[in-house]
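Here is the naming used below: chain letters follow the sequence lines, and residue numbers restart at 1 for every chain.
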There are 2 protein chains.
Amino acid sequence: MSRYPDQARVFLAVDCIVFGFDGKQLKILLVQRALEPEMGSWSLMGGFVFANENVEQAAARVLHTRTGLSNVYLEELSTFSEPGRDPVERTVSVAFFALIDINKYKKQITDDFHAEWFDINKHPKLIFDHKQMVAKAKARLRYKSAFHPILFELLPAKFTLPQLKSLYEEVYNIEMDNRNFSRKILSMNLLEKLNEKDKENSKRGAWYYKMNSKKYKANFHAVATIIPNPDIYYS
Amino acid sequence: MSRYPDQARVFLAVDCIVFGFDGKQLKILLVQRALEPEMGSWSLMGGFVFANENVEQAAARVLHTRTGLSNVYLEELSTFSEPGRDPVERTVSVAFFALIDINKYKKQITDDFHAEWFDINKHPKLIFDHKQMVAKAKARLRYKSAFHPILFELLPAKFTLPQLKSLYEEVYNIEMDNRNFSRKILSMNLLEKLNEKDKENSKRGAWYYKMNSKKYKANFHAVATIIPNPDIYYS
DNA sequence: CCAAAAGTGTTACCGCTACACCCATGG
DNA sequence: CCATGGGTGTAGCGGTAACACTTTTGG
């Protein structure tokens with residue numbers, strides 16, 4: 001018997017907006033839903049929260065189970081709780097957004113559902129309110145990455161500045177000056193230059209860098225105006 | 001019978017961190033809990049989410065019921081979902097923070113519990129994880145108001161720039177230059193000067209201003225660095 | 001040697017900070 | 001007429017944007 005006899009219980013789920021970057025486009029990872037209602041429709045990665053875990057642990061578990069990845073960038077977005085959002089039972093979902101290196105993602109053998117990357121601007125119809133979740137996640141990504149150096153989470157451990165610049169250009173749909181961009185990023189003192197160049201994309205080659213994760217963690221809340229007028233992107 | 005037979009349901013609640021400003025100190029509004037467990041202990045304003053409302057509506061309702069206020073600034077903070085946070089039943093709470101004009105608050109006659117303002121840095125022991133909620137709300141308030149002109153929500157409809165400056169000084173525990181502060185705030189073009197001065201706090205008197213709510217809404221996402229180095233306050 | 005991308009150096013400008021100074025008025 | 005808080009003017013500094021120019025190397 002409940003100790004709160006007058007109150008109703010709800011189902012609690014998490015959904016993850018998983019971002020990836022293929023070098024040209026910003027992508028999201030979608031799956032085909034494995035249970036009714038709407039079985040087979042495209043959906044965000046999600047799942048119910050277990051009795052012994054909090055929502056963040058649930059999101060990390062779902063992500064790990066379905067992508068094989070752990071220690072990914074994961075941030076709570078917001079709660080979606082419209083009474084009718086799930087047509088068959090009242091289910092409240094806490095949405096998280098995740099940033100992963102698209103190359104590290106390997107489809108799990110044990111998966112009994114499809115997962116696929118889609119261009120964020122051109123994805124199939126999604127179940128429930130997942131379209132809203134994606135829109136909100138995109139807005140948050142733009143807002144946050146205008147101030148905080150989080151986008152490198154979408155790149156491999158070693159990456160070049162031109163790669164990072166392309167990523168910013170894709171996220172904000174702008175063109176940036178490569179010369180000023182390099183200086184601005186390097187002036188944050190978070191990157192370490194490696195003794196290796198990427199020669200695939202240019203003749204001269206671009207130096208590889210890696211994030212100094214100690215400094216990154218220490219300065220995680222550092223605010224830098226990487227993008228001018230960030231507000232105009234937060235629609 | 002549930003359509004998700006293998007899943008457990010949880011209780012869903014909201015809790016509100018209600019900020020106020022008395023001219024000198026930043027305050028939060030606490031109540032004495034009206035139900036078991038921990039009946040009588042100090043707590044944030046909260047309540048269960050009804051079947052016909054989403055969490056934001058629930059937070060607004062709780063606030064309205066217990067303070068008489070509507071149309072207050074209300075923003076989702078995050079979800080608190082540790083399995084054992086409520087010792088008797090699994091209850092997940094979505095925390096919201098609210099900014100209100102402390103003068104508008106009137107204790108409701110119908111209240112069967114105490115509500116009281118406390119200095120944010122010196123409040124009684126709180127139930128469950130409410131202390132964490134308060135800490136997180138304070139951090140978010142600092143972070144957000146460093147970029148967005150939201151703090152005026154804590155002041156009366158007409159206010160002076162010295163009042164607003166005191167508020168910023170209290171929130172960030174810094175001293176600001178009144179001359180530069182005025183210019184910075186006014187350069188956002190969100191305030192309208194009234195034909196009236198506050199003569200209570202100085203001989204010369206300070207002009208009253210009011211927020212132009214049309215411009216405020218239109219520019220809500222405008223980012224201005226009201227506070228230098230905002231990151232150092234986001235602990 | 002040319003094209004194309006990476007990266008450096010330099011300049012002009014803008015916005016912010018610091019602070020000298022003026023304003024208004026109650027006592 | 002002076003003390004006090006409100007407010008304006010302005011000079012200097014630092015960071016950013018713009019862009020001419022150099023470097024590198026495959027074809």
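B:Leu26 places a side-chain heavy atom less than 4.5 Å from the side chain of B:Phe19. With contacts defined as side-chain heavy-atom distances shorter than 4.5 Å, the pair A:Cys16/A:Arg66 does not qualify.
A:Arg179 has its CZ atom 14 Å from the C1' atom of C:dA4, to the nearest Å. When rounded to the nearest whole Å, the span between CH2 of B:Trp207 and C1' of D:dG5 equals 15 Å. If you measure from atom CG of A:Leu186 to atom C1' of C:dA6, you get 12 Å, rounded to the nearest angstrom. Between the C1' atom of D:dA17 and the CZ atom of A:Arg183 lies a distance of 9 Å, rounded to the nearest Å. Whole-Å rounding puts the A:Lys184 NZ to C:dG9 P distance at 19 Å. At whole-Å resolution of the value, CG in B:Asn180 and P in D:dG9 are 13 Å apart. The distance between atom CG of B:Asp198 and atom P of D:dT4, rounded to the nearest whole Å, is 18 Å. B:Lys193 has its NZ atom 14 Å from the P atom of D:dG6, to the nearest Å.
In the interface, the side chain of A:Asn201 is not paired with the base of C:dA5 through any donor and acceptor atom under 3.5 Å apart.
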- Quick one, give me the B/S/- string for nucleotides 22-27 of chain C, reading 5' to 3', where B means a protein heavy atom under 4.0 Å from the base and S means that only happens at the primed atoms, P, OP1 or OP2. -BBBB-
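Note on B:Glu196 versus B:Lys158: salt bridge recorded, some NZ/NE/NH1/NH2 to OD/OE distance being below 4.0 Å.
By the side-chain hydrogen bond (donor to acceptor under 3.5 Å, both in side chains) test, A:Asn121 is found to be paired with A:Lys138, residues two or more places apart in sequence or in another chain being considered. Checked against ring-ring contact (aromatic ring centres under 6.0 Å, His included), B:Phe152 has the following partners two or more places apart in sequence or in another chain: B:Tyr216. Applying the side-chain hydrogen bond (donor to acceptor under 3.5 Å, both in side chains) test to A:Lys210 and every residue at least two apart in sequence or in another chain returns nothing.
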Anything under 3.5 Å between a donor and an acceptor, one on a side chain of residues 71-82 of chain A, the other on a protein residue two or more places apart or in another chain? List them.
from    : atom 1 : to       : atom 2 : distance (Å)
A:Tyr73 : OH     : A:Glu75  : OE1    : 2.5
A:Glu75 : OE1    : A:Lys144 : NZ     : 3.2
A:Glu75 : OE2    : A:Arg140 : NH1    : 3.3
A:Glu76 : OE1    : B:Thr79  : N      : 3.4
A:Glu76 : OE2    : B:Thr79  : N      : 2.9
A:Glu76 : OE2    : B:Thr79  : OG1    : 3.0
A:Ser78 : OG     : A:Lys136 : NZ     : 3.2
A:Thr79 : OG1    : B:Glu76  : OE2    : 3.0
A:Thr79 : OG1    : B:Thr79  : OG1    : 3.1
A:Ser81 : OG     : B:Val55  : N      : 2.8
A:Glu82 : OE2    : B:Asn54  : ND2    : 2.5

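Considering A:Asp22, A:Ile120, A:Leu154 in turn, A:Asp22 is the only one that fulfils the side-chain contact (heavy atoms from CB on, under 4.5 Å) rule with A:Lys27.
Under the 3.5 Å distance criterion, with hydrogens and angles disregarded, a donor-acceptor pair is assigned to the side chains of B:Ser145 and B:Tyr172.
Of the two residues near DNA chain C, B:Ser187 and B:Asp177, the one whose nearest nucleotide lies more 5' is B:Ser187.
Contacts between residues 157-166 of chain A and DNA chain C, counted as heavy-atom distances below 4.0 Å, involve A:Pro162.
Looking at the side chain of B:Asn178, the nearest of the listed nucleotides D:dG7, D:dC19, C:dC19 is D:dG7.
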